2 protein chains.
Amino acid sequence: MTLLPRSPRLTGASTTDRGLPNATVARLPLYLRALTQLRATGSATCSSDQLAEATGVSSANVRKDLSHLGSHGTRGVGYDVAHLQAEIAQAIGQTQEWNVVLVGAGHLGKALAAYPGFASRGSRIVAVVDADPKRLGEQVVDGLVIESADDLDEIVRDRAVSIAILATPTHAAQDVADRLVAAGVTSILNFAPVALRVPDGVDVRQVDVAAELQILAYHEQRKSSPREEAVSG
Amino acid sequence: MTLLPRSPRLTGASTTDRGLPNATVARLPLYLRALTQLRATGSATCSSDQLAEATGVSSANVRKDLSHLGSHGTRGVGYDVAHLQAEIAQAIGQTQEWNVVLVGAGHLGKALAAYPGFASRGSRIVAVVDADPKRLGEQVVDGLVIESADDLDEIVRDRAVSIAILATPTHAAQDVADRLVAAGVTSILNFAPVALRVPDGVDVRQVDVAAELQILAYHEQRKSSPREEAVSG
DNA sequence: TCGATTTTGTGAACGCCTTCACCAGCTCGT
DNA sequence: ACGAGCTGGTGAAGGCGTTCACAAAATCGA
Ligand SMILES: NC(=O)c1ccc[n+]([C@@H]2O[C@H](COP(=O)([O-])OP(=O)(O)OC[C@H]3O[C@@H](n4cnc5c(N)ncnc54)[C@H](O)[C@@H]3O)[C@@H](O)[C@H]2O)c1
Ligand SMILES: NC(=O)c1ccc[n+]([C@@H]2O[C@H](COP(=O)([O-])OP(=O)(O)OC[C@H]3O[C@@H](n4cnc5c(N)ncnc54)[C@H](O)[C@@H]3O)[C@@H](O)[C@H]2O)c1
């Protein structure tokens, strides 16, 4: 499989085969977001410093990232906001909309289905499926009604879905992933805290909220005990 | 500030000052999860290969990570599951429970409040606050009632909160972060798609779900066009 | 026209992290 | 008691990614 390194996690393989460096790809959405905001404020151009400010990335890093797309800035001036926005959009495939199927309409799934932030950033949830027969037909949001998990195959095929969001309970996640892959899905955003096994060519990105808190907790612990040296005996 | 590199994002500073390498810290929660499962199955010991299998990390990487905690394995046998679990728990501060305040009880906030995965992994949401006066007093889950955002100061102080989950609309995020920091919070898990500005010593981890999908979309695009070489002219 | 100023693009250096390769130490069968 | 077979620990090497530093290029005012 091709578990994309969302953290310093797994698969060192960067700079995938003639493509952009992975680290750069992960930041392009941030630049795009910043550019959209800048454009709304009426700015025609922006400097790497401004982008750095808006994204939290260092300005040197911004320039390096953008240079991978080709040289689109003007020395002494900066980048043309609209042009750069279009450039990045094309690079990360935001010129088309990506159809997404959401599996699992529980607490988290319903929140995700209601999230307008996907549509404004290139993804569209075209189906919500759940295994619970009692929930079939329930409307989760305008235009989206819960469908049967048995119809996954058909949904994926007929609606040109290539990306899935997995929000089922942990114990069902691997089975759902297998079925998604069988149906033709080649990218999965997984919220269930398990390492999915998927074949080569299928990308998985993992969001583990509890783990994020644990990482913060580690640093909190270190803040509390500034000097551990004289401990124990 | 100290934006922790959740991705290859920001601040190269790894191996923080005598501590564990950042990349290792990010994986310890995975090992802990795997060990808990292994223990439930009755396994007394496990090999680095088993942990690799369960977490998706390479076995060499597992051994390197665990070696940073000291040598706790036995050659020819593996690691003692219970012992290693305790060891990791101590390393990442899971011997105590961390009190967390959740800010913003909207779609996402309610899902997070209902999530049992925090409690089982060392964090406890001790308060849910929202700015909407109409929602005050509403019970989001057993034992948690929505409180006023005006009481943040008091809540953070009285309940020994050091970690916050930020789930407000984007436009309110920076203001909320400022108030959290002023109240004494030193770690923030931010779901709003903005780069927060916080002072030094405050850690921020960012979860940007839409960006995750955009990253997947980038790779999808590349899958569709295997050879871009003969394009355009 | 020229010089001061701004800001990009980029080679080089540096550091972190992963992987490799292999030795050391443990168990178990004989 | 010993050799075969596992399995962890760990130095070395290599790969990515970030930061540094500066030349190149554009604008602007005088
Ligand atoms: N709730 C959160 O805030 C949160 C946070 C982080 C991670 N997660 C993870 O996200 C996942 C979902 O969490 P949740 O709180 O929404 O759980 P939930 O129990 O509220 O919802 C799960 C939904 O999945 C459906 N489901 C079960 N098996 C299915 C199958 N085989 N196919 C399709 N649908 C199926 C159930 O009917 C249910 O509606 C879990 O793995 C959880 O660990 C949740
Ligand atoms: N819904 C999702 O699945 C999802 C996914 C990814 C990211 N996000 C992000 O998470 C955040 C919350 O999303 P949501 O869908 O829950 O939004 P929402 O509008 O449903 O909920 C936001 C809540 O925050 C409260 N709020 C507003 N200002 C506040 C303040 N100053 N202090 C305290 N509370 C305040 C509101 O009253 C509301 O209850 C947003 O930034 C969104 O971009 C949401």
Side-chain angles (χ1 to χ4, degrees), chain A residues 3-28 30-31 43-53 55-81 83-84 87, chain B residues 3-28 30-31 35 43-53 55-81 83-84 87-88:
Chain A
L3 206 166
L4 299 175
R6 74 104 58 155
S7 321
R9 226 176 261 168
L10 262 157
T11 63
S14 215
T15 310
T16 319
D17 182 35
R18 177 117 9 184
L20 301 165
N22 275 333
T24 297
V25 171
R27 282 185 297 263
L28 290 182
L30 307 188
Y31 302 142
S43 313
T45 66
C46 71
S47 65
S48 59
D49 265 322
Q50 280 177 284
L51 283 173
E53 182 83 3
T55 57
V57 180
S58 77
S59 64
N61 216 338
V62 169
R63 289 197 299 277
K64 182 76 84 180
D65 282 340
L66 297 184
S67 76
H68 285 122
L69 304 179
S71 300
H72 296 295
T74 308
R75 295 164 197 239
V77 179
Y79 300 92
D80 181 285
V81 172
H83 181 244
L84 184 57
E87 206 72 40
Chain B
L3 207 167
L4 299 174
R6 73 103 59 158
S7 321
R9 227 175 262 171
L10 262 157
T11 63
S14 215
T15 310
T16 321
D17 182 33
R18 177 116 10 185
L20 300 166
N22 274 334
T24 297
V25 171
R27 283 185 296 263
L28 290 181
L30 307 189
Y31 302 142
L35 288 166
S43 313
T45 65
C46 70
S47 66
S48 59
D49 266 323
Q50 279 178 284
L51 284 174
E53 182 83 3
T55 58
V57 179
S58 78
S59 63
N61 215 338
V62 169
R63 289 198 297 277
K64 182 76 83 180
D65 282 340
L66 298 184
S67 77
H68 285 121
L69 305 178
S71 300
H72 295 295
T74 309
R75 292 161 199 241
V77 178
Y79 300 92
D80 182 284
V81 172
H83 181 245
L84 184 56
E87 206 72 39
I88 296 179

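Protein chains get the first letters and strands the later ones, always in sequence-line order, with residue 1 at the start of each. Quick caveat, the model's predicted, so the values are computed rather than measured.
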At under 4.0 Å between heavy atoms, which parts of nucleotides 25-30 of chain C does protein reach? Answer with one letter per nucleotide, 5' to 3': B base, S sugar-phosphate only, - none. BBS---
Which of these nucleotides, dT8(C), dG9(D), dG17(D), is closest to any side-chain atom of A23(A)? dG17(D)
Look at the side-chain N and O atoms of R27(A) and state whether any lies under 4.0 Å from the OP1 or OP2 oxygen of dT18(D). yes
Any side-chain donor near an acceptor of the partner, D80(A) and T45(A), under 3.5 Å: no
Rounded to whole Å, how long is the line connecting atom CG of D65(A) with atom C1' of dG17(D)? 10 Å
Rounded to the Å, how far apart are L84(B) CG and dT7(D) P? 16 Å
Using a cut-off of strictly less than 4.0 Å, decide whether Y79(A) has a side-chain nitrogen or oxygen near OP1 or OP2 of dG9(C). yes
By nearest nucleotide on DNA chain D, pick out whichever of K64(A) and G70(B) is the more 5' one. G70(B)
Under 4.0 Å, counting only non-hydrogen atoms across every strand here, what does H68(A) touch: a base, just sugar-phosphate, or nothing? nothing
Looking only at side-chain N and O atoms, does N61(A) come under 4.0 Å of OP1 or OP2 in dT19(D)? yes
Is the side chain of T55(A) donor-acceptor paired with the backbone N or O of L51(A) at a distance under 3.5 Å, no angle test? yes
Tell me: CG of L20(A) to P of dT18(D), nearest whole Å? 13 Å
Kindly indicate whether the side chain of Y79(A), heavy atoms from C-beta on, has any atom under 4.5 Å from the side chain of H83(A). no
Using distance only, find each side-chain donor-acceptor pair of residues 69-77 of chain A under 3.5 Å and give its atom names and separation, not counting sequence neighbours.
{"unit_1": "H72(A)", "atom_1": "NE2", "unit_2": "L69(A)", "atom_2": "O", "d": "3.2"}
{"unit_1": "H72(A)", "atom_1": "NE2", "unit_2": "E87(A)", "atom_2": "OE2", "d": "3.3"}

How long is the line joining CG of D49(B) and P of dT19(C), in whole Å? 14 Å
When rounded to whole Å, the CG to C1' distance for the pair N22(A) and dT18(C) reads 14 Å
Over how many whole Å does the gap from R63(A) atom CZ to dC22(D) atom P extend? 14 Å
In whole angstroms, the gap separating C1' of dG17(D) from CG of L66(A) amounts to 16 Å
Those residues that, when tested against S67(A), pass side-chain hydrogen bond (donor to acceptor under 3.5 Å, both in side chains) (two or more places apart): none
Determine: side-chain N/O of S48(B) to OP1/OP2 of dG8(D), distance under 4.0 Å, yes or no. yes
CZ of R63(B) to OG of S47(B), rounded to nearest 0.5 Å, is 9.5 Å
Atom CD of E53(B) and atom P of dT7(D) are separated, to the nearest Å, by 13 Å
Without swapping roles, check the side chain of S43(A) against the backbone of C46(A) for a donor-acceptor pair under 3.5 Å. no
